[in-house]
Enquirer: 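Have a look at this one.
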Amino acid sequence: MNTPSMRPRWEGLPDEVRAKVNARLGSPVVEVSYPEGGFTPGLAVRLTCADRNEVFLKAADLALPMASHYRSEAVVGEHLPSVVAPRLWWSLESHGWIVNAFEAVLGGQPDLRPGSADLPGVLDVVGSLEQELTPCPAPGVGPVGETLSSLAGHWSQLAAAGSGSGGQDSWAASRRVRLTELDDPDRLVKASAGDTLVHCDLRADNMLAEAGTGRIRILDWSWGARGAAWVDAAFFVPQLILAGHSPAGAEAELGARVPAWRAVDPEAVSVFAVAITGYWAWNQANGPGGALGAYRGRAAEAGRRWIDYRLG
Ligand SMILES: Nc1ncnc2c1ncn2[C@@H]1O[C@H](COP(=O)(O)OP(=O)(O)OP(=O)(O)O)[C@@H](O)[C@H]1O
Ligand SMILES: [Mg+2]
């Protein structure tokens with residue numbers, strides 16, 4: 001996990017940008033607090049105003065490539081129902097920065113471990129996404145196949161580079177034929193077509209369990225896309241495995257609560273599992289180290305266990 005110090009601070013925003021934000025808030029900021037976690041070097045801060053109103057700000061320098069995600073989050077955020085996500089109050093661009101202001105949710109990251117008190121609520125909200133977000137309410141978002149097809153294709157690159165799967169060469173070598181056969185972007189594009197707004201990054205740190213009620217809200221819709229509802233359940237399986245579920249247990253939890261998961265073509269799920277695991281393995285071996293590299297290493301291991309469960 002990043003520490004908050006890796007992100008810009010509220011005081012670090014250009015004066016002109018802070019002045020614009022203050023004008024939108026209409027009451028002076030009297031308190032700032034920073035969340036823990038995340039991998040993005042963007043500003044994330046809770047602001048409390050003198051009139052006791054609170055807002056959660058995310059902001060990024062438009063010169064950074066990741067700023068496009070903040071723009072996407074603003075586009076998608078306008079269309080999200082509040083039962084699913086914190087409300088987007090407003091978005092502005094000023095002096096080279098984008099700032100998105102959200103309803104500030106008081107709460108913490110839900111616990112995804114087997115038997116946790118948060119898990120039923122988490123699975124319920126994942127299970128509600130198809131109904132809440134079909135037809136896709138955000139007109140501007142692209143097909144999820146574009147995102148998914150960029151995950152596929154890494155197993156052949158790993159084999160060609162001789163770098164194995166993040167240090168697991170023998171695991172990949174003994175499954176090479178099957179991995180190559182399943183690691184197919186075209187199959188992913190076909191199987192993932194649909195008209196639900198899908199999140200594509202469901203993880204505990206993109207969720208908040210509201211203090212008091214325990215209600216789960218989903219954050220960080222910057223990868224939002226149009227596609228089949230099963231895709232978000234598939235993104236969530238490795239997160240449940242990382243939290244301590246067996247692959248069979250993770251799939252069973254989703255099967256009990258997510259209608260789209262019960263209806264999905266099993267082969268499509270295997271194609272997805274192979275693609276995302278290859279993506280993590282390749283990027284662990286060839287991308288940045290640090291917290292992100294370590295996460296990708298753990299995620300790739302969860303993915304290998306998921307693939308073994310599915311392919312036997
Ligand atoms: N509306 C909100 N209310 C309260 N806290 C929030 C809100 N939105 C985000 N947070 C907190 O800020 C953290 C970072 O938010 P988010 O995941 O949206 O950030 P990010 O910078 O886009 O990406 P990354 O996931 O890489 O950190 C969350 O894990 C959560 O703790
Ligand atoms: Mg996040």
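Every number for a ligand or one of its atoms is a count from 1 in the order of the listing. Each residue takes its place number in the sequence, starting with 1.
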Enquirer: May I ask whether R7 places a heavy atom under 4.0 Å from ligand 1?
Expert: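 So R7 counts as touching ligand 1.
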Enquirer: Taking only heavy atoms of Y70, which atoms of ligand 1 are found under 4.0 Å from at least one of them?
Expert: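 In order of number, 21 (O).
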Enquirer: Has T40 got an N/O/S atom less than 2.8 Å from the Mg ion (ligand 2)?
Expert: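 Of the N, O and S atoms in T40, none lies under 2.8 Å from the Mg ion (ligand 2), which means no.
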Enquirer: Output yes when D308 and R175 qualify as a salt bridge under the 4.0 Å nitrogen-oxygen rule, no when they do not.
Expert: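 Yes.
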Enquirer: Geometry only, no angles: is R46 polar-contacting ligand 1 at N/O separations under 3.5 Å?
Expert: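 In fact, backbone or side chain, R46 has no N or O that close.
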Enquirer: Between S116 and D118, does any side-chain donor sit less than 3.5 Å from a side-chain acceptor?
Expert: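 Checked: S116/D118 side chains show no N/O donor-acceptor pair below 3.5 Å.
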Enquirer: Salt-bridged, E181 to R178, with N to O below 4.0 Å?
Expert: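 Between R178 and E181 there is a salt bridge, with a charged N closer than 4.0 Å to a carboxylate O.
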Enquirer: By number and element, which atoms of ligand 1 are closer than 4.0 Å to a non-hydrogen atom of A104?
Expert: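 Near A104, meaning under 4.0 Å from one of its heavy atoms, ligand 1 has 3 (N).
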Enquirer: Cation-pi check for Y295 against R203: NZ or CZ below 6.0 Å from the six-membered ring centre and within 45 degrees of the axis, yes or no?
Expert: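 Flagged: R203 positioned over aromatic ring of Y295.
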Enquirer: Between A59, A204, P35, A101, which one has a non-hydrogen atom sitting closest to atom 13 (C) of ligand 1?
Expert: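 Comparing heavy atoms across A59, A204, P35, A101, the nearest one to atom 13 (C) of ligand 1 lies in P35.
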Enquirer: Taking only heavy atoms of P86, which atoms of ligand 1 are found under 4.0 Å from at least one of them?
Expert: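 Taking each heavy atom of P86 in turn, ligand 1 has 1 (N) under 4.0 Å.
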Enquirer: Are R46 and E31 close enough for a salt bridge, meaning some N to O gap below 4.0 Å?
Expert: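 So R46 does not pair with E31 through a salt bridge.
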Enquirer: What N/O/S atom of D220 gets nearest to the Mg ion (ligand 2)?
Expert: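 Looking only at N, O and S atoms of D220, the one nearest the Mg ion (ligand 2) is named OD2.
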Enquirer: Before accepting this row, confirm whether a basic side-chain N of the pair R87/E103 lies closer than 4.0 Å to the acidic partner's carboxylate O.
Expert: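 No salt bridge links R87 with E103.
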Enquirer: Would you say ligand 1 has an N or O under 3.5 Å from any N or O of E103?
Expert: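 It does: an N or O of E103 is found under 3.5 Å from an N or O of ligand 1.
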Enquirer: Using a 4.0 Å cutoff against the non-hydrogen atoms of R203, which atoms of ligand 1 qualify?
Expert: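 Ligand 1 atoms under the 4.0 Å threshold to R203: 25 (O).
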Enquirer: Any idea which of F56, Y34, W221 brings a heavy atom closest to atom 10 (N) of ligand 1?
Expert: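 The option holding the nearest heavy atom is F56.
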Enquirer: Angle class for the W282/H154 ring planes (parallel below 30°, perpendicular above 60°, tilted otherwise)?
Expert: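 Plane angle between 30° and 60°, so tilted.
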Enquirer: Quick one: side-chain hydrogen bond (donor to acceptor under 3.5 Å, both in side chains) pairs with a partner in residues 126-137, sequence neighbours left out?
Expert: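 Counting only pairs at least two positions apart or across chains, the side-chain hydrogen bond (donor to acceptor under 3.5 Å, both in side chains) contacts touching residues 126-137 are T134-T196.
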Enquirer: Check whether the ring centres of W223 and H199 lie less than 6.0 Å apart, and answer yes or no.
Expert: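 For W223 and H199, the ring centres are not under 6.0 Å apart.
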Enquirer: In terms of atom number and element, which parts of ligand 1 are under 4.0 angstrom from non-hydrogen atoms of L219?
Expert: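 Counting atoms of ligand 1 from 1, those under 4.0 Å from L219 are 7 (C), 8 (N), 9 (C), 10 (N), 28 (C), 30 (C).
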Enquirer: Which bit of K58 gets closer than 4.0 Å to ligand 1, counting heavy atoms only: side chain, backbone, both or neither?
Expert: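 Only the side chain of K58 comes within reach of ligand 1.
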Enquirer: Under 4.0 Å from a heavy atom of N206: which atoms of ligand 1 are those, numbered in the order shown and with their elements?
Expert: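 So the answer, numbered in order with elements, is 17 (O), 25 (O).
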Enquirer: With W10, which residues qualify under ring pair (Phe, Tyr, Trp, His ring centres under 6.0 Å), at least two apart?
Expert: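 Once residues adjacent in sequence are excluded, W10 has no partner under the ring pair (Phe, Tyr, Trp, His ring centres under 6.0 Å) criterion.
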Enquirer: Give the numbers and elements of all ligand 1 atoms closer than 4.0 Å to a heavy atom of L208.
Expert: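 Matching atoms, with element in brackets: 3 (N), 4 (C), 5 (N), 6 (C).
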